[in-house]
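Notes follow once the structure below has been shown.
Just so it is clear, the values below take in all heavy atoms, side chains as well, and ignore hydrogens, waters and symmetry mates. Quick caveat, the model's predicted, so the values are computed rather than measured. Each residue takes its place number in the sequence, starting with 1.
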Amino acid sequence: MNETYSLREKWRQFLAVLLPILISQLALFSMTFADTIMSGHASPTDLAGVAIGASLWTPVQAGLTGILMAVMPMVAQMVGAGKRDQVSYTVMQALYLSVGIAIGVIIGGGLVLDPILNGMQLEPVVRTIARGFLHAIAIGIIPMFLYTVLRCFIDALGQTRVTMFITLLSLPINVLLNYALIFGNFGLPRLGGIGAGLASGITYWCILLITLFVVNRVHPFVEFGLFSHFHRISMKAWKELLKLGLPIGFSIFCEVSIFAAVTLFMSEYSTITIAAHQAAMNFASFLYMVPLSISMALTIVVGFEVGAKRFRDAKQYSYLGIGIALGIALLFGISLLMFSKQVAGFYTTDIEVLELAQHFLMYSILFLISDAVAAPIQGVLRGYKDVTVTFIVALISYWVIGLPLGYILAKFTSLAAFGYWIGLITGLAAGAIFLFGRLLSLQKRMIRSHS
């Protein structure tokens, strides 16, 4: 990325980074999207089992891969500051760390999975599907974490189109495996929701193998010589990665796990309610890929400008990204008001699930607005390597404000399951307000100290 001056040039530069990230995120999420839709068409029971399994796995995955996302601002600032020789060492240490984290997840998950599932009020068949889904997806944990590090390295160089092509190559593999394993096609056994987990696990291996080929054979990645020398594991380097990565990971975990916690609380309601909630939440999460992609793009461009000490440029990129996110969120909200029935119909043909999912989708519109502010600001703050406050804000807004309020509304008012959604919306809005205040303060301080 070259130094830019005019707002028009910044707009073009930002879109060049953003659009491939957005396509990549939508394609990656399409795997979960396909799991949910295809499981829903297998049966409401399979959809509910996948919902419970995903609600346990997704926050763990998001939080731990969030730790590894420290690679992105670190590499972006190194390149912006002209310290390209340090990149290979940092990426290699992150790869070592990712394997260690993955092994810990596999061992720890194996120990706690049954006690957690047995403690939930689930129908036996739903519990069986959830357990099988998680066991199946576990085969892809190590490649998923390794890929996360390599993707952050590629994206931090501004080469976001490369990860876009890698992801687009892997998407049809996942859909084909889903078709074969969920429904028992091509002579394979019909595994239902469990097949969705197995398909995802295999797909992660495919993504990793393609990425390894790219970073070893394609320019400009070859120039960094990632695997030309295998450095020794360095606890000092791990400490530096974790110092930046842990707050990122914990803040993502706090946000994602609040949605998973609500899904788990939904287990006290009927299978119909669980399925409708999961359908609406899955679509809301699909739309969240837009502000999340803007957030990731902002981390790259802001990190690059901060590394080069161009703090006014970094500020301009920040508000450009937030403005784009808000504009798109408003368009999505209007579209959902008009087409909620059609959206719910993607997930199920069951009349009861369809009608209830439409009600949940109306609440998701308010998610969109809050996410359009909060997610881009989180990306900007990561670009500045200002991550601790983001974690504290996430913890308070989601777990101190959002979930307790949702629980009270669900238990002690006639809102029932919808009360949890209102609590989530309130927590998201509070987080957006807190983060915006932090951003204003940080930018003023940075510009003042370097003017």
Go through the steps to decide whether Phe133 and Ser39 satisfy the test side-chain contact (heavy atoms from CB on, under 4.5 Å), and finish with yes or no. CA-CA 11 Å; Phe133 173 85; Ser39 297; over 6 Å; no
One should read off an interatomic distance between Thr388 OG1 and Leu244 CG, to the nearest 0.5 angstrom, of 8.5 Å
Keeping the roles fixed (side chain from Thr148, backbone from Met144), state whether a donor-acceptor pair exists under 3.5 Å. yes
Do Ser318 and Gln443 pair up side chain to side chain, a donor and an acceptor below 3.5 Å, judged on atom types alone? yes
Can you confirm whether Thr211 sits close enough to Phe221 that some side-chain heavy atom of one is under 4.5 Å from a side-chain heavy atom of the other? no
Closest non-hydrogen atoms of Ile252 and Gly66, given as atom of the first, atom of the second and distance, are CD1-CA, 3.7 Å
From CA spacing to verdict: side-chain contact (heavy atoms from CB on, under 4.5 Å), Phe367, Tyr288: CA-CA 9 Å; Phe367 283 155; Tyr288 177 67; over 6 Å; no
Residue pair Ala237 / Gln93: nearest heavy atoms and the distance that separates them: CB-CG, 3.5 Å
Any idea how Phe250 and Phe391 line up, ring-wise: parallel (<30°), tilted (30 to 60°), or perpendicular (>60°)? tilted
Is it the case that over 12 heavy atoms from other parts of the model lie below 6.0 angstrom from the OH atom of Tyr96? yes
As a quick check of understanding, evaluate ring pair (Phe, Tyr, Trp, His ring centres under 6.0 Å) for Phe418 and Tyr363, giving each step before the final call. CA-CA 8 Å; Phe418 296 111; Tyr363 286 97; 5.4 Å; yes
Gap separating the CD atom of Gln358 from the CG atom of Leu336, nearest 0.5 angstrom: 11.0 Å
Hey, does Ile322 have a side-chain heavy atom less than 4.5 Å from the side chain of Val380? no
Which value, rounded to the nearest 0.5 Å, describes the distance between Thr160 atom OG1 and Phe165 atom CZ? 10.0 Å
Only one of Trp421, Tyr269, Tyr420, Phe265 clears side-chain contact (heavy atoms from CB on, under 4.5 Å) with His277; which? Trp421
Gln77 side chain to Gly383 main-chain N or O, any donor-acceptor pair under 3.5 Å? yes
Looking at side-chain heavy atoms only, is the closest gap between Leu298 and Val17 below 4.5 Å? no
Do Val60 and Val105 have side chains that get closer than 4.5 Å, going by heavy atoms? yes
Any sub-3.5 Å donor-acceptor pair from Thr299's side-chain atoms to Gly379's backbone N or O? yes
I need the minimum non-hydrogen distance between Val149 and Ser98, along with the two atoms involved. CG2-CB, 4.0 Å
Reference residue Cys254; test side-chain contact (heavy atoms from CB on, under 4.5 Å); the match among Val393, Thr390, Leu395: Leu395
Decide yes or no on side-chain contact (heavy atoms from CB on, under 4.5 Å) for Leu68 and Ile101, but give the supporting numbers first. CA-CA 10 Å; Leu68 302 173; Ile101 292 173; 4.1 Å; yes
For residues Lys10 and Glu305, determine if any side-chain heavy atom of one lies less than 4.5 Å from a side-chain heavy atom of the other. no
Decide yes or no for Phe153 and Thr90: does some side-chain heavy atom of the first lie under 4.5 Å from some side-chain heavy atom of the second? no
Might you confirm whether atom CZ of Phe227 has over 12 heavy atoms from other residues, nucleotides or ligands at distances under 6.0 Å? yes
Atom pair CG/CD1 of Leu403 and Ile258 - distance to nearest 0.5 Å: 4.0 Å
Under the 3.5 angstrom rule, does the side chain of Thr65 hit a backbone N or O of Ala62 as a donor-acceptor pair? yes
Taking the six-membered ring for Trp, are Tyr319 and Phe436 parallel (under 30°), tilted (30 to 60°) or perpendicular (over 60°)? perpendicular
Contact between Val91 and Phe224 at the side-chain level, heavy atoms closer than 4.5 Å - yes or no? no
Tightest non-hydrogen contact, residues Leu356 and Ala276, listed as CB-CB, 3.6 Å
Please check if atom CZ in Arg161 has more than 12 non-hydrogen atoms from other residues, nucleotides or ligands closer than 6.0 Å. no
With rounding to the nearest 0.5 angstrom, report the CG to CZ distance, Leu157 to Phe304. 10.5 Å
Can you tell if the side chain of Val218 reaches within under 4.5 Å of the side chain of Val162, non-hydrogen atoms only? no
Please confirm whether Phe283 and Phe346 have ring centers closer than 6.0 angstrom. no
Hey, does the side chain of Ser295 reach the backbone of Pro291 with a donor-acceptor pair shorter than 3.5 angstrom? no
Could you walk me through whether Leu242 and Leu97 pass side-chain contact (heavy atoms from CB on, under 4.5 Å), step by step? CA-CA 9 Å; Leu242 291 171; Leu97 179 61; 3.9 Å; yes
For Asp371 and Pro376, work out which heavy atoms get closest and say how close. O-CD, 3.4 Å
With a 3.5 Å distance limit and no angle check, can you tell me whether Ser340 reaches the backbone of Leu337 through a side-chain donor-acceptor pair? no
For the atom pair CD1 (Ile23) and CG (Leu171), what is the distance rounded to the nearest 0.5 Å? 12.0 Å
Least distance between heavy atoms, Ser170 atom then Thr203 atom: O-CG2, 3.7 Å
